[in-house]
2 protein chains.
Amino acid sequence: MSKTEAIAKLVPVFRHYGYEGATVSRLSQATGLGKASLYHYFPKGKSEMAAAVLEYVERRFAQTVIAPLHSPGDPQHRLQSMCQSLSEFYNSGREACLLSILSHGEANTLFHQAIQTALTTWIEAIAQVLQEANCDRELAWERAEDAAIQIQGALILARVLDRTEPFQRIIAYLPRKLLASASSSV
Amino acid sequence: MSKTEAIAKLVPVFRHYGYEGATVSRLSQATGLGKASLYHYFPKGKSEMAAAVLEYVERRFAQTVIAPLHSPGDPQHRLQSMCQSLSEFYNSGREACLLSILSHGEANTLFHQAIQTALTTWIEAIAQVLQEANCDRELAWERAEDAAIQIQGALILARVLDRTEPFQRIIAYLPRKLLASASSSV
DNA sequence: GTCTATACACCGATAGAC
DNA sequence: GTCTATCGGTGTATAGAC
């Protein structure tokens, strides 16, 4: 088994159980590898596994969700493309955000900087698109933050309420909200 | 020490470390009680401590955040009052939401129903106020869910970005957004 | 590379003195 | 009620055969 394949199988364990809940036993079971084999791929142990998982997910997020924002085409289309990818990335709201899960407890002390950078990169890409759509710099940044806020909040609501509708509704309205004229945004 | 005092001291440990990260040793340290003393107050152990903490926090939330929604006065004033209390409750966005933290891993299987009920109660109270402000039933419910979404998302952003501004901005605009005429809400 | 077996610390939980 | 001491189990991590 390649290391990348192993990482892919580790992802859902960290996403579901969080850092402390993702025990090496569970990680071993999920990959089908013995504990010692896991330590062959990740000599520094669980923290290295989590770091690899985080990097893997961030890469995938950049390639599928952020990339469309940098593509050619008009801003509205790019934002819609991002939303489509977001919906797939989070399985219509059924799956939690790894970043938000790893922002607690010990994991937070380990990965705070990486998580902050990843989130900022996303927000910045959205803000860039909004500026191209004639938002002034400050408003664009605020609305980009709002986008991240609504996605994160919708994921929580969807999980707690056992309904994907809140997430899907947020996704559906997001491009319109972001591009609305300034006067109607309050 | 009274049981209630003990519970109050347990709260920040669960909120900061999550369920698995809140070890009995840490809980013991935080309260100043020995492990065995904790088990005197909570015979079923950690799960009972978490349940007590959850109930305590929900009670406080109901008394400070939800209560203003049921008070007399016009809807706008009631929503502003809720926002003021929300800001204090989460210390301007510096403190995480216990409900969202306990909605992962083993804690989620233990407390999912309680968490869902608590969140629904809050959303319902907001929706009720919006209906009194002449929102139709469905729109009121959607906007109430949006309020919860934005608060939860803002708490995540504030924590990850180490800035309280996103939370404070969401709080500041929330009453206006909720009461905006339907046509400008998309 | 993958395994079985194991080391050692810490987990949640309990016994029993005071 | 609170403590010290300790239990059995599981946690992370390693050793060493294959």
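Heavy atoms only: backbone and side chains are in, while hydrogens, waters and symmetry mates are out.
- By the 4.0 Å N-to-carboxylate-O rule, A:R163 lies close enough to B:E145 to be salt-bridged with it.
- Taking 4.5 Å as the limit, some side-chain heavy atom of B:F42 sits within range of a side-chain heavy atom of B:K3.
- Counting to the nearest Å, the P atom of C:dT14 and the OH atom of B:Y41 are 18 Å from each other.
- Note that CG of A:L119 is 6.5 Å distant from CG of A:L99, once rounded to the nearest 0.5 Å.
- Here the P atom of nucleotide C:dA13 and the CD atom of B:E48 are 10 Å apart, to the nearest Å.
- Once rounded to the nearest 0.5 Å, the distance linking CZ of A:R137 with CD of A:Q128 reads 8.5 Å.
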Report all side-chain donor-acceptor pairs from residues 50-72 of chain A shorter than 3.5 Å, counting only partners two or more places apart or in another chain.
| residue | atom | partner | partner atom | Å |
| --- | --- | --- | --- | --- |
| A:T64 | OG1 | A:R60 | O | 2.9 |
| A:S71 | OG | A:P68 | O | 2.7 |

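- The minimum heavy-atom distance linking B:I115 with B:L102 is given by the pair CD1-O, 3.4 Å.
- Within residues 29-39 of chain A, the residues approached by DNA chain C to less than 4.0 Å at the level of any non-hydrogen atom are A:G32, A:L33, A:G34, A:A36, A:S37, in residue-number order.
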(request) Could you walk me through whether A:H16 and A:R26 pass side-chain contact (heavy atoms from CB on, under 4.5 Å), step by step? (result) CA-CA 11 Å; A:H16 185 78; A:R26 278 176 177 149; over 6 Å; no
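- Of the side-chain N and O atoms in B:T23, none sit less than 4.0 angstrom from OP1 or OP2 of C:dC10.
- One atom, NZ of A:K3, and another, C1' of C:dT2, lie 17 Å apart when rounded to the nearest Å.
- Per the geometry, NE2 belonging to A:H40 stands 9 Å off C1' belonging to C:dT2, to the nearest Å.
- If you take CG of B:L27 and P of C:dA13, they are 11 Å apart, rounded to a whole angstrom.
- One atom, CZ of A:R26, and another, P of D:dA13, lie 16 Å apart when rounded to the nearest Å.
- Under 4.0 angstrom from either OP1 or OP2 of C:dC11 there lies at least one side-chain N or O belonging to B:S25.
- To the nearest angstrom, C1' of C:dT2 lies 15 Å from CD of A:E5.
- For the pair B:K44 NZ and C:dG12 P, the interatomic distance rounds to 17 Å; values are reported in whole Å.
- Nucleic acid contact class of A:A6 (heavy atoms, under 4.0 Å, all strands): none.
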